[in-house]
Undergrad: 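Below is the structure I would like to discuss, written out as structure tokens.
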Amino acid sequence: MSTETLDRPPAKPESAVETIKKASRGLRGSLVESLHDPLTGAIRESDTQLIKFHGSYMQDDRDLRAEREHQKLEPAYSFMIRTRLPGGVVTPQQWLALSALARQYGIGSLRLTTRQAFQLHGVIKKDLKQTMQGMNAALVDSISACGDVNRNVMASANPVESKLHEEVHQWAIKVSEHLKPRTRAYHEIWLDGEKLVGPAEEEPLYGPVYLPRKFKTGIVVPPHNDVDVFSQDLGFIAIVGKDGEEAGKLLGFNLTVGGGLGATHGEPQTFPRVADVIGFLTPDQMLKVSETVLMIQRDYGDRSDRKHARLKYTIADRGVEWFKGELFQRLGYSLPPPREYKFTTQGDRFGWTRGYDGRWHLTLRIESGRVSDRPGAPFLTGLEKIAAIHQGDFRLTANQNLIIANVPPEECMNIDKLVADYGLGKALFTSPVRRDALACVALPTCALAMAEAERYLPGFVDRVDELLIRNGLKDIPLTVRITGCPNGCARPYLAEIALIGRAPGRYTLRLGADAVGSRLNVIYRDNIDEASIVAVLDELFGRYARARKTDERFGDFLWRVNELKPEMRA
Ligand code: SRM
Ligand code: SF4
């Protein structure tokens with residue numbers, strides 16, 4: 001292809017969502033009218049796209065679909081609200097406010113997401129505004145938590161373990177604020193802000209049609225790749241000084257671009273991709289570099305096909321050298337080569353850790369991030385009790401877990417007692433597989449789910465644990481991630497074992513990611529049921545038990561013995 005044809009995306013017809021964005025007057029659309037329509041629990045079709053930019057999705061309870069259809073009722077519509085929470089930090093007061101809203105307007109559960117945010121499910125249309133207002137009264141917003149904009153900026157959890165982590169968390173906030181849309185539509189619609197008269201506000205970074213697709217940013221502090229930095233459109237790997245005066249100081253970041261995980265079954269032109277590491281920058285360059293990467297994607301991303309619209313495709317199509325050239329030209333300077341870094345782990349570290357200032361942080365395992373009151377697991381109440389006495393803050397991890405952070409030493413025992421009383425610590429004593437496993441929400445709320453994920457995880461992990469014990473592999477570390485479809489919300493493509501929903505009870509089995517989040521797994525078997533998955537894993541675990549090297553991970557073993565081959569990448 002000539003450079004000329006590559007200059008700008010070819011003039012293909014724009015996708016329908018582009019037209020909706022263009023006509024929306026800064027993301028307002030007819031949301032106000034939709035919200036006031038008493039005849040339906042739904043909002044207008046075009047508004048279902050726009051409301052995402054405000055941090056909400058219209059959903060319906062899929063468990064009830066058939067029955068409601070039978071009764072000739074419209075689907076049981078409700079709304080999910082997702083917060084914007086850079087680095088995932090909230091105060092105890094904010095926790096209590098969100099928990100109360102989940103009880104009053106939601107389904108009595110807070111869902112901690114894989115991007116360090118909260119989701120409230122099941123808010124019906126007439127309560128949506130009050131819920132948004134309640135969140136904002138607690139100083140938690142949901143602007144650009146979804147939609148074709150920069151999403152919640154992730155940062156390595158436990159950001160108070162060292163001063164450096166704290167600094168990195170501050171950068172996550174700054175990047176999030178910097179890349180936030182400027183439209184006042186959110187304030188106007190949800191918070192009764194002054195009504196706009198005349199044309200929509202200027203969007204200096206986004207322009208009138210925002211990005212071609214979602215855009216995700218994460219900042220990581222090695223050696224723990226807890227945010228799966230290579231899955232982000234835009235990533236920053238903190239580089240820390242080692243010697244002399246620089247020791248322990250944040251020197252800057254390696255820049256990563258073009259990660260992304262969503263794909264579609266049977267469509268090889270869609271694929272997960274790990275990001276390229278393209279240069280080093282100093283902290284003062286971070287905001288300019290962030291906005292420039294975003295604007296390149298704004299200008300070159302594919303606006304005709306939403307399945308091909310992420311930055312990863314722009315880079316895969318045009319090449320990383322093209323991207324670097326464009327970036328450096330727009331910046332007016334080149335970035336020097338990336339600096340050395342090393343990751344040693346991927347998920348969270350559990351239990352108590354001591355911070356640099358003597359305060360303590362307790363990382364709890366919250367399976368699938370689901371905080372609700374269930375028999376034997378009254379987590380919603382338990383965490384409310386903790387929030388009521390906690391003097392520090394709460395930090396959501398990128399793996400759906402929770403850190404009770406900044407606990408003064410004299411308070412640790414009180415926290416421990418409540419953790420024990422409400423069963424919040426039990427999961428810390430389960431197998432490493434169960435502790436590290438992730439599952440996306442899937443059914444019943446996710447419209448795109450093809451199979452169960454969150455509800456299937458506990459049972460599937462039981463099977464895996466049984467197989468490991470049978471094969472003499474009890475308590476080995478192993479990453480297992482399940483999603484209800486190939487969109488990749490629990491980042492399954494970066495797990496040693498992944499199940500990707502195909503149809504009810506059927507999954508694609510992918511194997512062979514590494515344990516630091518830098519190598520994708522590959523398709524091992526497609527569209528199989530649990531019995532087949534168990535049989536396959538049993539056989540592979542047997543071989544692994546017999547032939548593995550000391551400390552060799554399952555994913556690495558499969559590649560070494562040629563069970564997995566590069567041509568299986570798809
Ligand atoms: Fe996701 C769509 C849930 C993280 C890739 N994701 C959805 C929707 C909104 C379904 C929909 O469009 O109707 C899901 C709502 C389910 C529900 O009922 O709540 C949903 N995604 C989630 C969450 C809650 C999963 C979880 O269990 O924690 C995560 C919320 C994160 C947040 O707080 O912002 C979540 N989604 C991710 C991730 C992981 C990440 O970002 O680290 C990915 C893969 C990384 C990536 O984006 O490449 C991800 N979600 C997708 C995609 C595929 C995008 C693509 O490029 O193809 C979709 C579908 C879409 O956008 O059309 C999607
Ligand atoms: Fe829904 Fe698929 Fe995301 Fe799971 S991976 S939450 S099923 S979109």
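Computed from heavy atoms alone, side chains included, the values below leave out hydrogens, waters and symmetry copies. Read the numbers this way: they start at 1 and go in the same order the structure lists the ligands and their atoms. Numbering of residues begins at 1 and proceeds along the displayed sequence.
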Undergrad: Could you tell me which atoms of ligand 1, counted from 1 in the order shown, lie closer than 4.0 angstrom to a heavy atom of Ala439?
TA: 27 (O)

Undergrad: Could you list which atoms of ligand 1 come closer than 4.0 Å to a heavy atom of Lys216?
TA: 5 (C), 36 (N), 37 (C), 38 (C), 40 (C), 41 (O), 43 (C), 45 (C), 46 (C), 47 (O), 49 (C)

Undergrad: Is any NZ, NE, NH1 or NH2 atom of the basic residue among Arg455 and Asp63 found under 4.0 Å from an Asp or Glu carboxylate oxygen of the other?
TA: yes

Undergrad: Gly484 heavy atoms, cut-off 4.0 Å: which ligand 2 atoms fall inside?
TA: 4 (Fe), 7 (S)

Undergrad: Can the ring centroids of Tyr507 and Tyr456 be said to lie less than 6.0 angstrom from one another?
TA: yes

Undergrad: Is ligand 1 under 4.0 Å from a heavy atom in the side chain of Lys214, in the backbone, in both, or in neither?
TA: side chain

Undergrad: Could you tell me which atoms of ligand 1, counted from 1 in the order shown, lie closer than 4.0 angstrom to a heavy atom of Arg111?
TA: 26 (C), 27 (O), 28 (O)

Undergrad: Taking Asn152 for its side chain and Arg84 for its backbone only, find out whether a donor-acceptor pair lies under 3.5 Å.
TA: no

Undergrad: For ligand 1 and Arg151, I'd like to know whether there is a polar contact (N/O to N/O, distance under 3.5 Å).
TA: no

Undergrad: Hey, do the aromatic rings of Tyr186 and Phe53 have their centres closer than 6.0 Å?
TA: no

Undergrad: For ligand 2, which atoms, with element, lie under 4.0 Å from some heavy atom of Cys440?
TA: 4 (Fe), 5 (S), 6 (S), 7 (S)

Undergrad: Decide, yes or no, whether a salt bridge links Arg318 with Glu326 under the criterion of side-chain N to carboxylate O below 4.0 Å.
TA: no

Undergrad: If I take every N, O or S atom of Cys440, is at least one of them less than 2.8 Å from atom 1 (Fe) of ligand 1?
TA: no

Undergrad: Does ligand 1 have any atom sitting under 4.0 Å from a heavy atom of Asn152?
TA: no

Undergrad: Atoms of ligand 1 less than 4.0 Å from Ala117 heavy atoms?
TA: 33 (O)

Undergrad: What part of Glu454 sits under 4.0 Å from ligand 1 if we count only heavy atoms: the side chain, the backbone, both or neither?
TA: neither

Undergrad: Could you say whether the N/O atoms of Gln116 and ligand 1 ever approach to under 3.5 Å?
TA: no

Undergrad: Just wondering, is there an N, O or S atom on Cys489 that's nearer than 2.8 Å to atom 4 (Fe) of ligand 2?
TA: no

Undergrad: Compute the minimum heavy-atom distance from Lys312 to ligand 1 and say whether it is under 4.0 Å.
TA: no

Undergrad: I'd like to check which ligand 1 atoms, numbered from 1 as shown, lie under 4.0 Å from a non-hydrogen atom of Arg82.
TA: 3 (C), 6 (N), 9 (C), 20 (C), 21 (N), 22 (C), 30 (C), 32 (C), 33 (O), 34 (O)

Undergrad: With atoms numbered from 1 as shown, which atoms in ligand 1 lie under 4.0 angstrom from a non-hydrogen atom of Arg310?
TA: 46 (C), 47 (O), 48 (O), 54 (C), 55 (C), 56 (O)

Undergrad: Suppose I only count heavy atoms of Gly488 and a 4.0 Å limit; which atoms of ligand 2 are within that range?
TA: 5 (S)

Undergrad: In plain terms, say whether Arg68 and Glu74 are close enough for a salt bridge, that is, a side-chain N and a carboxylate O under 4.0 Å apart.
TA: no

Undergrad: Cys446 heavy atoms, cut-off 4.0 Å: which ligand 2 atoms fall inside?
TA: 1 (Fe), 6 (S), 7 (S), 8 (S)

Undergrad: Work out whether the distance between some heavy atom of Gln232 and some atom of ligand 1 is less than 4.0 Å.
TA: no

Undergrad: Does Lys174 offer a backbone N or O that forms a donor-acceptor pair with the side chain of Glu177 under 3.5 Å?
TA: no

Undergrad: Taking only heavy atoms of Thr483, which atoms of ligand 2 are found under 4.0 Å from at least one of them?
TA: 5 (S)

Undergrad: Pull out every atom of ligand 2 sitting under 4.0 Å from any heavy atom of Ala449, numbered as shown with elements.
TA: 7 (S)

Undergrad: Any ion pair linking Lys22 and Glu14 (charged N to carboxylate O, less than 4.0 Å)?
TA: yes

Undergrad: Does this structure show an ion pair linking Arg111 with Glu454, if we count only N-O contacts that are shorter than 4.0 Å?
TA: yes

Undergrad: Would you please determine whether Ala442 falls within less than 4.0 Å of ligand 2 on a heavy-atom basis?
TA: yes

Undergrad: Could you tell me if any non-hydrogen atom of His121 lies under 4.0 Å from any atom of ligand 1?
TA: yes

Undergrad: Is there a donor-acceptor pair under 3.5 Å between the side chain of Lys312 and the backbone N or O of Gln232?
TA: no

Undergrad: Determine the sole option in Lys21, Lys214, Arg310, Lys52 for which the salt bridge (Lys or Arg N to Asp or Glu O under 4.0 Å) test with Asp148 is passed.
TA: Lys21

Undergrad: Checking contacts here: is it the side chain or the backbone of Ala442 that comes within 4.0 Å of ligand 1, counting heavy atoms only? Could be both or neither.
TA: neither

Undergrad: Is Ser368 in contact with ligand 1, taking contact as a heavy-atom separation below 4.0 Å?
TA: no

Undergrad: Which residue holds the protein heavy atom closest to atom 2 (Fe) of ligand 2, what is that atom called, and what is the gap in Å?
TA: Cys485 SG, 2.3 Å

Undergrad: Do Lys216 and Asp233 sit within salt-bridge range, that is, some charged N less than 4.0 Å from a carboxylate O?
TA: no

Undergrad: Checking the N or O distance criterion of under 3.5 Å, is ligand 1 in contact with Arg491?
TA: yes

Undergrad: Heavy-atom distances under 4.0 Å decide this one: backbone, side chain, both or neither, for Gln119 against ligand 1?
TA: side chain

